[in-house]
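As the structure lists them, so they are numbered: ligands from 1, and atoms in each ligand from 1. Residue numbers count from 1 along this sequence.
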Amino acid sequence: MGTRKPLIAGNWKMFGKRADLVEIEKTLAAASHANAVEILFCPPATLVAEAAKFPVAIGGQDCHANTEGAHTGDISAVMLADSGARYVIVGHSERRRDHGEPDEIVAAKARAALAAGLIPIICVGETLVDREAGRTLDVVGAQLAGSVPAEAGDKLVVAYEPVWAIGTGLTPTSEQIAEVHADIRRRLVMRIAAEGEKVRILYGGSVKPGNAREIFGIDNVDGALVGGASLKAADFSAIIMAHPAAGV
Ligand code: PEP
């Protein structure tokens with residue numbers, strides 16, 4: 001859409017060892033010729049430095065809000081950048097759930113990412129309870145307001161990921177995705193005026209080779225954040241190639 005280059009990101013979550021990089025490297029190298037689409041690979045932190053040699057963008061899956069310090073087991077945005085990452089996912093619903101991360105922490109992480117020169121991919125999305133109660137737009141709007149730091153300007157990516165669609169095989173209807181993406185776009189434009197049109201909004205939640213083309217055709221869907229299906233190189237490649245811009 002317009003000047004927004006589609007972004008298709010694979011999130012390996014806590015899966016993958018060094019040997020698993022062999023196949024995905026070949027697949028990503030082949031897919032990287034579709035240069036009207038930006039491809040992003042987010043392996044676990046242990047594989048970021050090695051994956052940084054691939055001809056696609058590399059991202060972390062989380063970062064600490066501080067640059068360094070006594071935070072055993074954590075990784076800073078500066079460290080990810082130093083390992084070759086260009087993006088970092090923050091506020092994924094699995095982090096919000098498993099680590100109790102509220103919006104303020106997500107915003108602090110996004111701020112740290114920006115300070116380190118990384119582009120934060122800020123995740124938002126409603127639970128099934130929220131959706132059934134008719135609160136989807138309010139919940140997503142509040143998460144956006146609380147998780148996007150003022151200094152981000154247009155230097156961020158938003159991922160709309162309904163919690164109930166992640167890893168479940170369930171996906172919202174095209175109308176439901178369109179409604180939320182349009183509302184996120186409206187809020188971004190309210191926030192940063194015309195610059196809000198430049199921000200890419202990804203859809204995430206059970207994207208598969210079989211539904212990717214339809215999802216990519218929805219207004220204001222500027223790509224996808226793909227979890228489970230990105231673990232199978234052939235499926236991730238099929239999703240990338242399903243984007244209408246991939247053949248350009
Ligand atoms: C995700 O991890 O961001 C995700 C969308 O997972 P899945 O594609 O497996 O639903």
Side-chain angles (χ1 to χ4, degrees), residues 6-16 20 24 27-28 31 37-45 47-48 51 56-63 80 85 87-99 101 106 109-110 113 119-128 130-131 136 139-140 143-144 147 156-174 176-177 180-181 184 200-216 218 220-243:
L7 175 65
I8 303 179
N11 169 21
W12 267 19
K13 314 190 187 208
M14 199 174 73
F15 292 99
D20 299 314
I24 194 79
T27 303
L28 294 177
V37 174
E38 184 176 2
I39 302 169
L40 170 63
F41 176 46
C42 301
L47 301 180
V48 165
V56 297
I58 299 300
Q61 299 176 7
D62 179 56
C63 66
L80 286 170
Y87 289 84
V88 61
I89 300 169
V90 292
H92 192 285
S93 63
E94 289 156 10
R95 297 284 320 174
R96 291 179 187 264
R97 178 197 66 203
D98 297 351
H99 299 270
E101 292 179 6
V106 177
K109 290 178 177 214
I119 299 176
I121 300 177
I122 300 177
C123 302
V124 293
E126 83 285 3
T127 62
L128 195 55
D130 295 327
R131 177 156 285 277
T136 297
V139 167
V140 170
Q143 285 178 336
L144 208 58
S147 308
L156 79 156
V157 173
V158 175
Y160 167 54
E161 300 208 304
V163 177
W164 53 274
I166 297 181
T168 58
L170 302 171
T171 47
T173 64
S174 295
Q176 288 171 326
I177 296 174
V180 180
H181 280 237
I184 293 172
R200 290 174 293 185
I201 307 172
L202 311 184
Y203 168 77
S206 297
V207 177
K208 305 260 180 301
N211 61 16
R213 182 167 281 273
E214 183 180 346
I215 291 170
F216 292 144
I218 301 170
N220 284 303
V221 171
D222 304 310
L225 182 51
V226 184
S230 72
L231 288 163
K232 288 192 199 133
D235 284 0
F236 191 40
S237 167
I239 290 169
I240 295 165
M241 291 310 162
H243 198 288

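If you look at Ile166 next to ligand 1, the close heavy atoms, those under 4.0 Å, come from the backbone and the side chain alike. In Ser230, neither the side chain nor the backbone holds a heavy atom less than 4.0 Å from any atom of ligand 1.
In summary, the atoms of ligand 1 found under 4.0 Å from a heavy atom of Asn11, numbered by their order in the structure, are 1 (C), 2 (O), 3 (O). Each of the atoms 10 (O) of ligand 1 lies under 4.0 Å from some heavy atom of Ala165. In the vicinity of Ser206, heavy-atom distances shorter than 4.0 Å reach the ligand 1 atoms 7 (P), 8 (O), 10 (O). Taking every non-hydrogen atom of Gly205 and a distance limit under 4.0 Å, the qualifying atoms of ligand 1 come out as 5 (C), 10 (O). Counting the atoms of ligand 1 from 1 in the order shown, those under 4.0 Å from a heavy atom of Leu225 are 3 (O), 5 (C).
Remark: minimum distance from atom 1 (C) of ligand 1 to any protein heavy atom is reached at His92 NE2, 3.2 Å.
Ring pair Phe41/Trp12 is perpendicular by interplanar angle, where above 60° counts as perpendicular and below 30° as parallel. Under the 30°/60° scheme for interplanar angles, the aromatic rings of His181 and Tyr203 are found to be tilted.
Contact of the His243 side chain with the Ile8 side chain is registered, since non-hydrogen atoms from C-beta on lie closer than 4.5 Å.
Distances between N or O atoms of Gly227 and those of ligand 1 include at least one value under 3.5 Å. Residue-to-ligand polar distances keep Thr168 apart from ligand 1: every N/O pair is separated by 3.5 Å or more. Residue Gly167 places at least one N or O, backbone or side chain, under 3.5 Å from an N or O of ligand 1. The distance criterion of under 3.5 Å between nitrogen or oxygen atoms is met by Gly228 with respect to ligand 1. Note: an N/O pair closer than 3.5 Å links Glu161 and ligand 1 by distance alone.
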Please evaluate residues Ser93 and Ile166 with respect to the criterion side chain to side chain contact (heavy atoms under 4.5 Å, CB included), reporting the C-alpha separation (whole Å), side-chain torsions for both, the decisive distance (0.1 Å), and the verdict. CA-CA 9 Å; Ser93 63; Ile166 297 181; 3.2 Å; yes
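For the side chain to side chain contact (heavy atoms under 4.5 Å, CB included) with Leu7, the qualifying choice from Ile39, Ile119, Val157, Val37 is Val157, the only one to do so.
Comment: Glu101 does not engage Arg96 in a salt bridge, judged by the lack of any side-chain N to carboxylate O separation of less than 4.0 angstrom. Between Asp235 and Lys208 there is no salt bridge, since no side-chain nitrogen of the basic residue lies less than 4.0 Å from a carboxylate oxygen of the acidic one.
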